[in-house]
Amino acid sequence: MIKIGDILRGGYEGKEVSIRGWVYRCRSSGKITFTVVRDSSGIIQCISKEGEIPDDLYEQIKGLTIESSLELTGTVSKDTRGVTGYEIKVKGGKIYQRNESFPISRDKSEEFLLDIRHLWLRSREFTAVLKIRATAFNAFSEFFNREGFYNVQGPMMVSAQTEGGSTLFEVPFFDQKAYLTQSSQFYLEALIFSLEKVYTIAPSFRAEKSRTRRHLTEYWHAEGEVAWIGNEEMMQIEERMIEYIVSAVLRDNAEDLALIGRNVEPLKKVKAPFPRMKYRELIEKAQSWGLNMKYMDDLGADEERAITVHFDKPVFVTHYPQELKAFYHRPDPESPDEILCHDLLAPEGCGEIIGGGERIWELEILEERMRSMNIDPKAYSWYLDLRRYGSVPHSGFGLGLDRLIWWVCGLDSIRDAIPFPRTIRRITP
RNA sequence: GCCGCCGUAGCUCAGUGGUAGAGCACCCGGCUGUUAACCGGGCGGUCGUCGGUUCGAUCCCGACCAGCGGCGCCA
């Protein structure tokens with residue numbers, strides 16, 4: 001039993017092989033039947049001729065429906081008439097299931113494909129995206145393992161929010177209320193005191209009623225936290241990490257990128273270092289680019305899009321005014337109204353994929369910030385403890401992995417970057 | 001939370017104030033080189049739900065349900 005992809009790489013001409021898979025296309029002209037078979041590695045056309053195989057098998061093959069599962073044995077030949085340049089002349093085989101009419105045909109709407117996502121995953125396009133996604137997840141872990149980070153896990157059920165706003169999913173927790181986590185950041189911060197450099201890949205949940213093509217209510221959050229480093233060193237790690245992941249995809253998924261029609265030229269330019277721009281400078285630039293922005297405006301979706309077209313690499317935006325960001329970001333000692341944070345905006349109009357920065361590590365400053373933002377310190381008592389016992393400077397980041405896949409694959413919607421998207425209106429399949 | 005859009009066959013869509021049609025899928029038949037094959041025939045619908053207007057509503061009006069897009073918020 002071999003993979004179709006192996007046949008397509010050559011070397012099997014004239015040899016007898018067996019493949020297993022699903023019917024991708026089926027055409028018959030009486031005494032000859034063409035069955036295009038799909039497996040996880042590719043598609044190949046198989047030829048069956050009446051009289052050359054047992055009659056009952058020929059009748060079964062002739063009557064197959066799309067997505068029926070089967071096993072075929074036959075001789076490989078190189079033939080330009082086959083869709084992928086090779087063909088198998090069938091000698092024998094076994095049908096596992098001849099299914100009824102497959103619901104997906106050539107016309108399909110966005111909504112329908114979401115309803116039957118569990119079946120649409122079989123499409124060649126989605127298969128390609130899923131392979132790229134696997135590469136990206138692996139490359140992320142690989143990068144941090146090589147950098148001496150420890151892979152850690154925080155809880156998914158928590159008692160307090162990380163970010164501002166009431167965007168938590170509430171879940172019953174015995175006699176109490178618990179929430180699904182928005183971020184593992186606080187737990188990673190606790191873990192640096194033993195491990196110093198940590199990362200995690202975990203889902204995060206946001207009950208935001210977002211209706212956009214770049215939001216999920218459940219998304220895969222890749223986070224890192226590092227003791228003893230500041231905002232700039234954190235960005236240096238991140239830009240190498242992004243370069244590492246993109247290079248891995250370009251190296252391992254060239255065929256998949258081609259299949260989904262992704263232009264790889266912009267991806268080839270993703271090499272560290274990335275440009276950095278302070279929020280203040282960005283506003284000035286934005287005004288010269290004709291964008292209507294003033295200081296203290298947050299970057300909206302339109303602004304992010306308009307900004308990224310002026311760069312051919314991802315760009316870091318740093319030093320936001322403290323009012324625009326969460327309470328834990330450390331003010332710049334040289335300019336206390338600005339904080340030592342960064343967002344990474346992906347090019348080609350994609351926008352924010354990373355948020356990170358240096359954390360406040362002095363207890364008094366953190367308490368002062370919480371007071372000024374009307375946050376109850378009691379809810380964060382254990383988090384404040386981290387600043388009571390051997391506190392150290394540290395920085396961290398959170399990367400939206402689904403957004404990364406969305407950008408790298410050049411997809412219309414983030415929903416097509418994850419197999420089973422959870423959005424405000426969709427909990428099945 | 002705000003704004004906009006959609007709902008007719010399994011799918012993609014036409015259409016009409018007098019209870020519906022095409023293409024694809026599927027089934028049957030034909031065809032020994034097809035490439036989303038082709039040719040002939042067939043099956044297939046409470047026209048999203050409820051209410052209103054009307055002699056009569058899939059069509060007009062209202063509410064609801066479901067979904068999609070944009071903003072804000074974020075990753």
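Convention: sequence-line order gives letters A, B, ...; per-chain numbering from 1.
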Visitor: Rounded off to whole Å, could you give me the CD1-to-P distance for the A:I116 and B:U12 pair?
Guide: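 Rounded to the whole Å, the gap is 9 Å.
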Visitor: What dot-bracket string describes RNA chain B from 5' to 3', counting Watson-Crick and G-U wobble pairs whose defining distances are under 3.5 Å, with [ ] for crossing pairs and | for pairs to another strand?
Guide: (((((.(..((((....[..)))).(((((.......))))).....(((((..]....)))))).)))))....
Visitor: Can you check whether A:Y219 stacks with the B:A75 base, using ring centres under 5.5 Å and planes within 30°?
Guide: yes
Visitor: Identify which nucleotide among B:U32, B:G72, B:C74 has an atom closest to any side-chain atom of A:I32, counting heavy atoms from C-beta outward.
Guide: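 Of all the options, the side chain of A:I32 is nearest to B:U32.
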Visitor: Could you state the atom-to-atom distance from CG of A:L113 to P of B:C11 in whole Å?
Guide: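 For the pair A:L113 CG and B:C11 P, the rounded distance is 12 Å.
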Visitor: Nearest-nucleotide wise, let me know which of A:D402 and A:I427 is further upstream toward the 5' end of RNA chain B.
Guide: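 Nearer the 5' end of the strand: A:I427.
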Visitor: Quick check for you: among B:C26, B:G72, B:G33, whose closest atom lies nearest to any side-chain atom of A:I66?
Guide: B:C26
Visitor: Establish whether the base of B:C74 is bridged to the side chain of A:R403 by a donor-acceptor pair shorter than 3.5 Å.
Guide: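 Indeed, a donor on one side and an acceptor on the other fall under 3.5 Å apart.
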Visitor: What contact category does A:G351 fall into here, base, sugar-phosphate, or nothing, at under 4.0 angstrom with non-hydrogen atoms?
Guide: nothing
Visitor: With sequence neighbours excluded, what pairs up with A:H118 under the ring pair (Phe, Tyr, Trp, His ring centres under 6.0 Å) test?
Guide: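 So A:H118 forms no ring pair (Phe, Tyr, Trp, His ring centres under 6.0 Å) with any residue.
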Visitor: Base, sugar-phosphate, or nothing: which does A:L401 touch, judged by heavy atoms less than 4.0 Å apart?
Guide: nothing
Visitor: Nearest whole Å is fine: how far is B:C74 C1' from A:L404 CG?
Guide: 17 Å
Visitor: Among B:A75, B:U32, B:G67, which nucleotide has an atom closest to any side-chain atom of A:R426?
Guide: B:G67
Visitor: Roughly, in whole Å, what's the span from CD1 in A:I245 to C1' in B:A75?
Guide: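 Between C1' of B:A75 and CD1 of A:I245: 14 Å.
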Visitor: If a pair satisfies salt bridge (charged side-chain N to carboxylate O under 4.0 Å, His left out) and one of its residues is in residues 403-415 of chain A, list it, with sequence neighbours excluded.
Guide: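 Checked against salt bridge (charged side-chain N to carboxylate O under 4.0 Å, His left out) - neighbours excluded - the pairs reaching residues 403-415 of chain A are A:E110-A:R415.
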Visitor: Within the structure shown, what part of the strands sits under 4.0 Å from A:R305 by heavy-atom distance: base, sugar-phosphate, or nothing?
Guide: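 Sugar-phosphate only.
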Visitor: Establish, yes or no, whether a centroid distance under 6.0 Å links the rings of A:Y187 and A:W382.
Guide: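 That pair passes the under 6.0 Å test.
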Visitor: Taking CH2 from A:W120 and P from B:U12, how many angstroms apart are they, rounded to a whole number?
Guide: 12 Å
Visitor: Would you say OH of A:Y150 has more than 12 non-hydrogen atoms from neighbouring residues, nucleotides or ligands within 6.0 angstrom?
Guide: no
Visitor: Over how many whole Å does the gap from A:E218 atom CD to B:A75 atom P extend?
Guide: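 It works out to 17 Å between those atoms.
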Visitor: Between B:U34, B:C68, B:A75, which one does the side chain of A:E208 approach most closely?
Guide: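 When the side chain of A:E208 is considered, B:A75 is the closest of B:U34, B:C68, B:A75.
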Visitor: What nucleic acid atoms does A:R214 come within less than 4.0 Å of, heavy atoms only: base, sugar-phosphate, or nothing?
Guide: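 Base contact - A:R214 has a heavy atom under 4.0 Å of at least one base atom.
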Visitor: In whole Å, measure the gap between the P atoms of B:A66 and B:C26 for me.
Guide: 33 Å
Visitor: Which of the following nucleotides, B:G33, B:C26, B:C74, is nearest to the side chain of A:R206?
Guide: B:C74
Visitor: Provide the closest heavy-atom pair for A:N99 versus A:I66 in the form atom of the first, atom of the second, distance.
Guide: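 Shortest heavy-atom contact: ND2-O, 3.0 Å.
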Visitor: Base, sugar-phosphate, or nothing: which does A:L399 touch, judged by heavy atoms less than 4.0 Å apart?
Guide: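 Nothing, no nucleic acid heavy atom in range.
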Visitor: Each nucleotide in nucleotides 1-8 of chain B should get exactly one letter: B, S or -. Can you fill that in based on protein heavy atoms under 4.0 Å?
Guide: B-------
Visitor: Could you work out, with side chain to side chain contact (heavy atoms under 4.5 Å, CB included) as the rule, every residue matching A:S101, not counting sequence neighbours?
Guide: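 Side chain to side chain contact (heavy atoms under 4.5 Å, CB included) list for A:S101, sorted by chain: empty.
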Visitor: Determine whether a donor-acceptor pair (one donor, one acceptor, N or O, separation below 3.5 Å) exists between the side chain of A:E50 and the base of B:U32.
Guide: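 By the distance-only test, no, there is no pair.
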Visitor: Side chain of A:S101 only, heavy atoms from C-beta on: which candidate in B:G72, B:A25, B:C74 is closest?
Guide: B:A25
Visitor: Roughly, in whole Å, what's the span from NZ in A:K31 to P in B:U32?
Guide: 5 Å
Visitor: So which protein nitrogen or oxygen atoms get under 3.5 Å of nucleotides 38-42 of chain B's nitrogens or oxygens?
Guide:
none

Visitor: How close or far is atom P of B:C43 from atom CD of A:E100, stated in whole angstroms?
Guide: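 Rounded to whole Å, this separation is 19 Å.
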Visitor: On a whole-Å scale, what distance lies between the C1' atoms belonging to B:G17 and B:G56?
Guide: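 Approximately 8 Å lies between the C1' atom of B:G17 and that of B:G56.
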Visitor: Using a heavy-atom cut-off of under 4.0 Å over every strand shown, decide if A:R425 touches base, sugar-phosphate, or nothing.
Guide: sugar-phosphate
Visitor: Looking at A:I405 and A:A136, what are the two nearest heavy atoms and their distance?
Guide: CD1-CB, 3.5 Å
Visitor: Suppose you measure atom C1' in B:G21 against the same atom in B:A14; what distance do you get, rounded to whole Å?
Guide: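 Pairwise C1' distance, B:G21 against B:A14, rounds to 7 Å.
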